[in-house]
Structure formats: structure tokens, C-alpha cells
Amino acid sequence: MTNVSFDHHSTEYARDWRRINADLRERCPVAHTDAHGGYWVVSRYADVAEVVRDDETFSSYHELPDGSHNGATIPVGPMRQVPIEMDPPEFFEYRKLLTGYFSPAEAKKWEPFVREATTYCIDSIIESGRSDVILDIASPVPAIFTMALLGLPLDGWRVFSDVTHSIIHSTPGTDENNAALANLLTILGQVNEVIAQRRAEPADDLLSHLVHARINGEPLSDERLIEIITLVIFGGVDTTGSLIGNALEWLYRNPEQRDLLRTDPESIPKAVEEFLRYFSPIAGLGRTATRSCTVGGEKIDAGERVFVSWSSANFDPEVFDDPDEMILDRFPNKHQSFGLGIHRCLGSHFARSEARIVLEEVLRRMPDYVVTAAEPYPSIAVVNGFIGLQVTFTPGSPVGSELKL
Ligand code: HEM
């Protein structure tokens with residue numbers, strides 16, 4: 001067994017993850033660390049794919065008291081999320097409930113709404129010539145969209161956006177994290193109120209669909225509903241916001257490429273794929289071995305935890321030419337940022353269109369933005385993003401949005 005000093009929660013990893021991943025890929029592509037009770041780190045593209053495609057051997061199931069299962073994060077998260085922390089056959093019943101609401105056609109249908117939300121957010125800062133683009137645009141657009149998708153009243157978007165952002169990057173035990181957790185409870189209270197309303201009177205939204213759904217003839221419990229809804233919220237808001245924030249920060253430092261995307265918006269979709277690869281908003285996730293097996297020549301025992309590193313797979317030179325280069329029109333670009341196998345991201349079509357629309361609008365309306373301060377997350381264990389990204393730009397005029405929030 002190759003033991004390494006590795007912790008995907010550490011600040012060192014947040015600052016230097018591409019180099020640390022490259023070192024692991026070359027020296028010990030399946031390595032063991034003692035951090036967080038011990039886990040294996042799988043860092044080559046082919047090995048990551050092998051692990052996540054074998055969902056019988058590598059379970060995502062949330063914590064079981066006998067320690068045989070420990071969920072999709074290392075260490076196990078405080079709240080179960082569904083369906084990401086379920087295994088087949090139960091998993092398929094829940095995934096099936098959701099797929100129709102997350103299809104490419106649905107993403108297309110939501111595009112005008114996402115554009116309105118983006119217009120609303122840019123309008124609110126355009127006259128001032130300054131913004132924290134994370135707090136004003138990159139987090140709010142996915143937040144407003146997610147609220148609309150679920151069917152939550154949009155007037156609470158500011159708290160919703162700030163809480164989903166803050167909870168991801170703030171350190172447990174700090175005042176900021178305590179405040180975010182308290183606000184999250186308030187938001188979940190509102191979600192419960194809307195659940196009760198939709199039970200009585202269905203509307204055309206995801207919450208109505210879920211409260212009236214049946215699994216094996218039974219309606220979903222309130223607890224199960226919350227497990228699904230929190231996944232849609234935490235899987236969809238700060239991940240997409242971080243993708244947008246990273247893209248904006250990189251484009252500021254690469255003005256020629258920024259001009260290229262501004263003058264040719266058709267090239268933005270391919271660039272979004274490359275931003276997904278290059279920033280890997282979710283660096284990696286966890287599995288638990290259900291039986292003894294071998295990965296990359298290393299023996300993994302039943303019950304051991306495994307960290308599948310999407311961010312490392314995305315830089316594997318076996319698959320990507322010049323992996324350390326940002327190549328905005330890279331094609332093909334088979335990055336693993338949305339995962340692989342049965343749990344592959346349900347929201348990928350939404351994330352792609354949100355990122356594309358926000359980039360189009362920011363480059364069109366704030367083309368000369370200058371980043372004056374950037375504060376990256378101290379840890380990228382959950383999401384790789386910026387706490388804040390201050391910019392200045394030539395002021396403009398609001399154009400008006402149909403969204404009145
Ligand atoms: C850039 C943005 C995003 C990234 C990088 C991302 C990444 C991922 C990854 C890596 C997985 C696979 C998890 C695993 O294998 O254990 C996943 C699953 C999932 N994502 Fe995303 N995601 C993003 C956006 C979204 C959005 C916008 C939504 C919803 C609106 C969403 C909802 C989900 C759900 C529900 C699952 C669980 C699927 C399942 O277990 O079958 N994600 N995501």
C-alpha cells in the first residue's frame with residue numbers, strides 16, 4: 001500500500017491542487033491517506049471511470065450504522081442527499097422521478113428565464129460601475145433559477161443565494177457558518193410551507209411533482225422530500241456559480257481570449273466545457289467499497305473509503321493533450337466534471353446553459369470589467385470557487401427585466 005499525505009480539505013490542496021494531483025497520478029495513482037479516518041485517492045482518468053461505473057462494488061449509500069456505507073462525501077455529510085446517496089435498485093426509482101425535469105429540452109425551455117434573471121442581476125449593478133460578481137451575478141442567477149425550478153417564491157432570492165454560497169465556503173463553528181446554518185433552517189421551513197401548499201393545490205413545478213409522486217405506491221415522506229430538495233439546491237447553485245466565477249476571473253487575466261469570446265459568442269459553449277474541465281467545480285466525491293477488489297494494482301478492502309478525483313482525471317495526459325493548457329475550443333473534451341456512471345449529474349444541461357448565458361451577458365454588457373480583488377475558497381473539498389470577486393467596469397444603463405423580484 002502506498003501511503004501519502006493527502007487531504008482534499010486542506011488549504012494546501014486548495015492552493016496547489018493541479019500539482020498535487022499530477023504528482024499522485026505519476027507516482028501513486030491509487031494511494032492511501034490517513035486523513036479523515038483513512039481513504040484511497042484514485043487519480044487517473046481510467047481508474048476513476050472504472051470505480052464510478054462499478055456501482056455494485058463502490059457504493060454511494062449514505063451512512064449505515066455498521067460502517068459498511070458512508071455516503072458520497074469524505075467525511076460523510078451531516079444530511080443525507082437523494083438520489084446521490086442511494087444505490088440500485090432503490091436509486092433508479094428516485095432518479096426516474098427526476099429525469100423528466102432535468103432533460104435537455106427542459107434546459108432549453110428555461111433559457112429565457114435564465115436570461116431574464118441575468119438581465120435583472122446585471123441591471124442592479126450596471127449603473128454603479130462596480131460589483132462583487134459572485135454575490136451580485138454568479139451566485140444569484142443559479143439561485144433564482146433553482147428557486148423557480150422548485151417552485152419557491154422568488155422574493156427570498158437574496159437570502160437563498162447568500163446562504164447557499166456562504167454555507168459552502170465558511171468554516172464550521174465560525175459566526176458566518178452559524179448564521180448561514182440558521183438561515184438555511186429558515187429556508188427549509190419555507191420549503192416545508194410550500195410543500196404543504198402544493199399538497200393542497202398542485203402547481204407546475206418540481207415541488208408539486210415530488211409531493212404528488214409515488215414510489216411503490218407510497219407518497220414520499222417529508223424527510224425524503226427534503227433530502228432531494230437539498231441536493232437540487234446544493235448540487236446546483238454554488239457549483240454553477242463557482243464555474244461562472246472561475247471563468248470570469250480567468251477571462252480577466254486573459255484579455256485576448258476574453259475578446260475572442262465577446263466577439264464570437266458562438267464559441268462560448270465549447271469554452272464552458274473547457275472551464276468545466278480546467279476548474280472542476282466539484283474536485284472529487286466519495287464511495288465505499290462493498291467487497292474486496294483491486295484498482296490500479298492496489299488492493300482495496302470491503303468497507304474502505306475511496307475518493308474519486310474528477311479534478312485529477314480531467315488533467316490526465318493519457319486522455320487530454322496539453323492538459324495544463326486552457327484550450328477554449330478543445331474538442332473532444334471528455335471531462336469528468338459532471339461525473340460518470342449512474343449518478344452522472346442530472347443538472348448538467350442547466351449548468352451549461354446558465355454558464356453560457358451569464359458569460360454572454362457579462363461580456364456583452366460589462367466587456368471591460370477589471371478584477372480588483374479575488375478571494376478564493378480556503379478549501380475546495382466541497383466546491384472550487386471564489387468567496388468574492390470584486391470588479392470595476394464602465395457604467396452602463398439598465399435595460400429592464402421582466403422579472404420583478
Ligand atoms: C457546474 C455545475 C455542476 C457540477 C460541476 C456538478 C457536478 C456533479 C457531479 C460530479 C455529480 C456526480 C456525483 C456522483 O457521482 O457521486 C453530480 C450529480 C448530481 N447533480 Fe450536479 N453538478 C453541477 C450542477 C448541477 C445542477 C445545476 C443541478 C440541479 C439543478 C445538479 C444536480 C445534481 C443531482 C440531482 C445529482 C445526483 C444525480 C444522481 O445521483 O443520480 N447539478 N453533479
Side-chain angles (χ1 to χ4, degrees), residues 42 48-49 51-55 58-62 70-74 77 80-88 90-103 106-107 110 114 138-139 141-150 152 164 168 205-206 210 227-247 272-288 306-311 313-314 335-359 380 382-385:
V42 178
V48 173
V51 168
V52 292
R53 286 194 169 124
D54 183 356
D55 47 86
F58 298 99
S59 162
S60 295
Y61 204 85
H62 198 250
N70 285 287
T73 57
I74 298 175
R80 183 193 201 187
Q81 304 214 311
V82 167
I84 204 170
E85 296 191 309
M86 277 182 167
D87 291 336
E90 184 188 33
F91 160 80
F92 290 119
E93 298 297 321
Y94 286 89
R95 174 113 180 168
K96 250 193 327 215
L97 276 188
L98 297 171
T99 41
Y101 277 75
F102 291 81
S103 67
E106 283 296 308
W110 279 100
V114 172
S139 175
V141 172
I144 294 168
F145 160 70
T146 305
M147 295 177 89
L149 174 75
L150 288 166
L152 300 176
T164 45
I168 298 291
D205 53 41
L206 184 54
L210 292 172
E227 291 168 349
I228 299 173
I229 292 159
T230 49
L231 173 59
V232 172
I233 295 172
F234 288 107
V237 178
D238 209 55
T239 47
T240 311
S242 294
L243 172 67
I244 295 167
N246 270 304
V272 166
E273 295 310 307
E274 182 67 342
F275 293 135
L276 277 159
R277 182 190 74 84
Y278 195 79
F279 297 113
S280 305
I282 298 185
L285 283 167
R287 299 289 191 264
T288 308
V306 177
F307 179 72
V308 284
S309 177
W310 321 116
S311 68
N314 284 344
H335 63 75
Q336 295 189 3
S337 292
F338 290 125
L340 287 176
I342 59 169
H343 290 285
R344 192 180 178 284
C345 181
L346 266 171
S348 63
H349 309 296
F350 289 142
R352 285 179 164 128
S353 63
E354 290 174 67
R356 171 174 56 77
I357 290 168
V358 172
L359 291 178
I380 61 166
V382 186
V383 175
N384 174 18

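Computation of the quantities below employed the complete heavy-atom set of this structure, encompassing side-chain atoms and omitting hydrogens, waters and symmetry-equivalent molecules. Just so you know, these numbers come straight off a predicted model, no measurement behind them. For ligands, and for the atoms within them, numbers begin at 1 and follow the listed sequence.
- Closest heavy-atom contact between Pro142 and Gly241: CG-N, 3.9 Å.
- At least one N/O-N/O distance between Arg95 and ligand 1 falls below 3.5 Å.
- Taking only nitrogen or oxygen atoms, main chain and side chain alike, Phe91 does not reach within less than 3.5 Å of ligand 1.
- Judged by the 6.0 Å and 45° rule, Arg287 forms no cation-pi pair with Phe307.
- Contact annotation: for Pro281 versus ligand 1, heavy atoms closer than 4.0 Å belong to the side chain alone.
- Nearest to atom 25 (C) of ligand 1 by heavy-atom distance, out of Gly385, Gly284, Gly71, Gly235, is Gly235.
- Ranking protein heavy atoms by distance to atom 28 (C) of ligand 1, first place goes to Gly347 CA, 3.4 Å.
- Proximity to Trp310 (heavy-atom distance under 4.0 Å) selects the following atoms of ligand 1: 10 (C), 15 (O).
- The protein heavy atom nearest to atom 6 (C) of ligand 1 is Phe338 CD2, 3.7 Å.
- In this structure, the ring of His335 has its center no less than 6.0 angstrom from the ring center of Tyr278.
- The shortest heavy-atom contact between Asn314 and Leu276 is ND2-O, 4.2 Å.
- Near Pro83, the atoms of ligand 1 lying under 4.0 angstrom from a non-hydrogen atom of the residue are 39 (C), 40 (O), 41 (O).
- When hydrogens are left out, the protein atom nearest atom 5 (C) of ligand 1 is Ser337 O, 3.5 Å; that is the closest non-hydrogen contact.
- Without hydrogens or angle criteria, Glu85 side chain to Ala72 main chain gives a donor-acceptor distance under 3.5 Å.
- Nearest heavy atoms, Thr146 versus Ile233: CG2-CA, 4.2 Å.
- Under a 3.5 Å cut-off, the side chain of Asn384 and the backbone N or O of Phe279 do form a donor-acceptor pair.
- Proximity to Phe102 (heavy-atom distance under 4.0 Å) selects the following atoms of ligand 1: 29 (C), 30 (C).
- Side-chain atoms of Arg344 and Ser348, non-hydrogen and from C-beta on, do get closer than 4.5 Å to each other.
- With 3.5 Å as the limit, one finds a donor-acceptor pair spanning the side chains of Asp87 and Ser59.
- Gly236 CA, 3.5 Å is the protein heavy atom nearest to atom 27 (C) of ligand 1.
- The closest donor-acceptor contact from the side chain of Ser60 to the backbone of Gly71 lies at 3.5 Å or more, if one exists at all.
- Against a heavy-atom cut-off of under 4.0 Å, Arg287 is close to the following atoms of ligand 1: 14 (C), 15 (O), 16 (O).
- Of the options Ala351, Cys345, Ser353, the smallest heavy-atom separation from atom 42 (N) of ligand 1 is shown by Cys345.
- The part of Leu285 lying near ligand 1 is the side chain, judged by heavy-atom distances below 4.0 Å.
- Of the protein's heavy atoms, Leu231 CD2, 3.8 Å lies nearest to atom 37 (C) of ligand 1.
- Judged by distance alone, with hydrogens and angles left aside, the side-chain atoms of Ser103 form a donor-acceptor pair with the main-chain N or O of Glu106 at under 3.5 Å.
- For ligand 1, the atoms closer than 4.0 angstrom to any heavy atom of Ile342 are 41 (O).
- Residue-to-ligand polar distances place His343 within reach of ligand 1: an N/O pair is separated by less than 3.5 Å.
- Atoms of ligand 1 found under 4.0 Å from any heavy atom of Ile282, numbered from 1 in the order shown, are 6 (C), 7 (C), 8 (C).
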